[in-house]
**Q** 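Below you'll find the structure I mean.
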Amino acid sequence: MTGDHEARRRAFAAVLPRGGLGRRLHFHPTVDSTNARALAELDAGRAEDGDLHLAHEQTAGRGSRGRRWHSPPGAGLWMSLVRLAPPPTPAAFWPALALVRALRAEGLDARVKWPNDVLVGARKIAGVLVEACYRGAVPQGWVIGLGVDLTIASFPPEVEVEATSFLLESGRAPDEAALLARLLDEMGALAADPHSLVEVLRAEGGLLGRRFNVRRGGERFTVVARDLDAEGHLVVDRDDGGRETWISSGELDLRPAD
Ligand code: BTN
């Protein structure tokens, strides 16, 4: 319905920009993927720093590892922020930590699941997908993609066990424009913070000390997240003995065990 997405566009526009973020709002009633659109704008030389692409609905939302991101109409924040200068690193921690703060302010028990998810309790409420646009070896800019499930009441079977939404966790729909504003404010605060994102994640991400069930190929084991090194690599202790340092989630499948 036109009225539906136009009302959302107006509500979002009314709280933007936040510092340099969301200077221009590109609101898409329907789009394949906000990340794909933002990358195309970068590639065409039309992007400006702080551009925010927000979709009412994505028909081909991109998840990590080539997966689809379920993005039904009006049921979440499907958004991509454009930066022309390198974002704070590790870039996936940036929106994840900001969202954890914004959700905690709403009373939700949010935490980061390394490297790019946000959990409430043991279930995933949001995911981050950072992509860069290159011309040859020269970066043209970065796209910080974030999908936050807000009012989804039931999920497709393939993600049902692990996914959740703001509505399912709190029993209410959020003020989504206020949530977006808080999220962008926290991103601004983190970008200006002299502490690195790794330090902030160590201190307040709710990750260290938590237990995860891991699948890696045919292997199954349980770990406790012990530390993050300066690059944001995760140091884990296996329940069956031994310490490992993980550089990326690669072929790992992590599920919260507590
Ligand atoms: C993940 O798999 O956890 C990452 C999901 C990222 C989804 C968001 S929704 C907005 C933006 N546009 C996309 O196509 N993907 C990201």
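First listed ligand is number 1; within each ligand, the first listed atom is number 1. Values reported hereafter were calculated over all heavy atoms of this structure, with side chains retained and with hydrogens, waters and symmetry mates removed. Values in this document were obtained by computation on a predicted structure and should not be read as measured data.
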**Q** Between E169 and R123, is the closest basic N to carboxylate O distance under 4.0 Å?
**A** no

**Q** At under 4.0 Å between heavy atoms, which part of K124 makes contact with ligand 1: side chain, backbone, both or neither?
**A**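 Contact part for K124 vs ligand 1: side chain (C-beta onward).
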
**Q** For atom 15 (N) of ligand 1, find the nearest protein heavy atom and state the residue, atom name and distance (0.1 Å precision).
**A**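 Protein heavy atom with the smallest distance to atom 15 (N) of ligand 1: R62 O, 2.8 Å.
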
**Q** So does R18 pair up with E186, basic N to acidic O under 4.0 Å?
**A**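 A salt bridge is absent here (no side-chain N lies under 4.0 Å from a carboxylate O).
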
**Q** Between R10 and E6, is there a salt bridge with N-O shorter than 4.0 Å?
**A**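 Between R10 and E6 there is a salt bridge, with a charged N closer than 4.0 Å to a carboxylate O.
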
**Q** Between Q58 and ligand 1, find which residue part has any heavy-atom pair under 4.0 Å and reply side chain, backbone, both or neither.
**A**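 It is the side chain that gets close, since no backbone atom is under 4.0 Å.
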
**Q** Between R215 and E251, is there a salt bridge with N-O shorter than 4.0 Å?
**A**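 R215 and E251: not salt-bridged.
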
**Q** Once you restrict to heavy atoms under 4.0 Å, what part of D117 touches ligand 1? Side chain, backbone, both or neither.
**A** side chain

**Q** Taking 4.0 angstrom as the limit and counting only heavy atoms of V128, give me the atoms of ligand 1 inside it, by number and element.
**A** 4 (C)

**Q** Output the list of atoms in ligand 1 that are nearer than 4.0 Å to some heavy atom of G61, sorted by atom number.
**A** 14 (O)

**Q** Using a strict cut-off of less than 4.0 Å between a Lys/Arg side-chain nitrogen and an Asp/Glu carboxylate oxygen, indicate whether R23 and D51 qualify as a salt bridge.
**A**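 Answer for the salt bridge query: no.
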
**Q** Counting each atom of ligand 1 from 1 as listed, which ones have a heavy atom of S80 under 4.0 Å away?
**A**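 Per the distance check, 11 (C), 12 (N).
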
**Q** What is the minimum heavy-atom distance between R135 and L42, and which atoms define it?
**A** NH2-O, 4.3 Å

**Q** For T34, is the nearest heavy atom under 4.0 Å from an atom of ligand 1?
**A**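 Right, T34 reaches ligand 1.
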
**Q** Considering only heavy atoms of S33, which atoms of ligand 1 have at least one such atom less than 4.0 Å away?
**A** 12 (N), 13 (C), 14 (O)

**Q** Decide whether the shortest distance between a heavy atom of S71 and an atom of ligand 1 is less than 4.0 Å.
**A** no

**Q** Answer with side chain, backbone, both or neither: which part of A36 has a heavy atom less than 4.0 angstrom from an atom of ligand 1?
**A**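 For A36, no heavy atom sits under 4.0 Å from ligand 1.
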
**Q** Using a 4.0 Å cutoff against the non-hydrogen atoms of G147, which atoms of ligand 1 qualify?
**A**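 It comes down to these atoms of ligand 1: 7 (C), 8 (C), 9 (S).
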
**Q** Taking only Lys NZ, Arg NE, NH1 and NH2, and the carboxylate oxygens of Asp or Glu, determine whether D253 and R255 approach each other closer than 4.0 Å.
**A** yes

**Q** Identify, for atom 5 (C) of ligand 1, the protein heavy atom at the shortest distance, and state residue, atom and that distance.
**A**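 Of every protein heavy atom, W69 CE3, 3.3 Å lies nearest to atom 5 (C) of ligand 1.
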
**Q** As an exercise, identify every atom of ligand 1 less than 4.0 angstrom from a heavy atom of M79.
**A** 10 (C), 11 (C)

**Q** Starting from atom 2 (O) of ligand 1, find the nearest protein heavy-atom neighbour and note its residue, name and distance.
**A** S64 N, 2.7 Å

**Q** Is the closest basic N to carboxylate O distance between D239 and R211 below 4.0 Å?
**A** yes

**Q** Between the side chains of E162 and K124, is the shortest nitrogen-to-carboxylate-oxygen separation below 4.0 Å, so that they form an ion pair?
**A**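 No.
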
**Q** If the plane angle is over 60° it's perpendicular, under 30° parallel, otherwise tilted; pick one for H28 and H53.
**A**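 Parallel: the ring planes of H28 and H53 meet at under 30°.
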
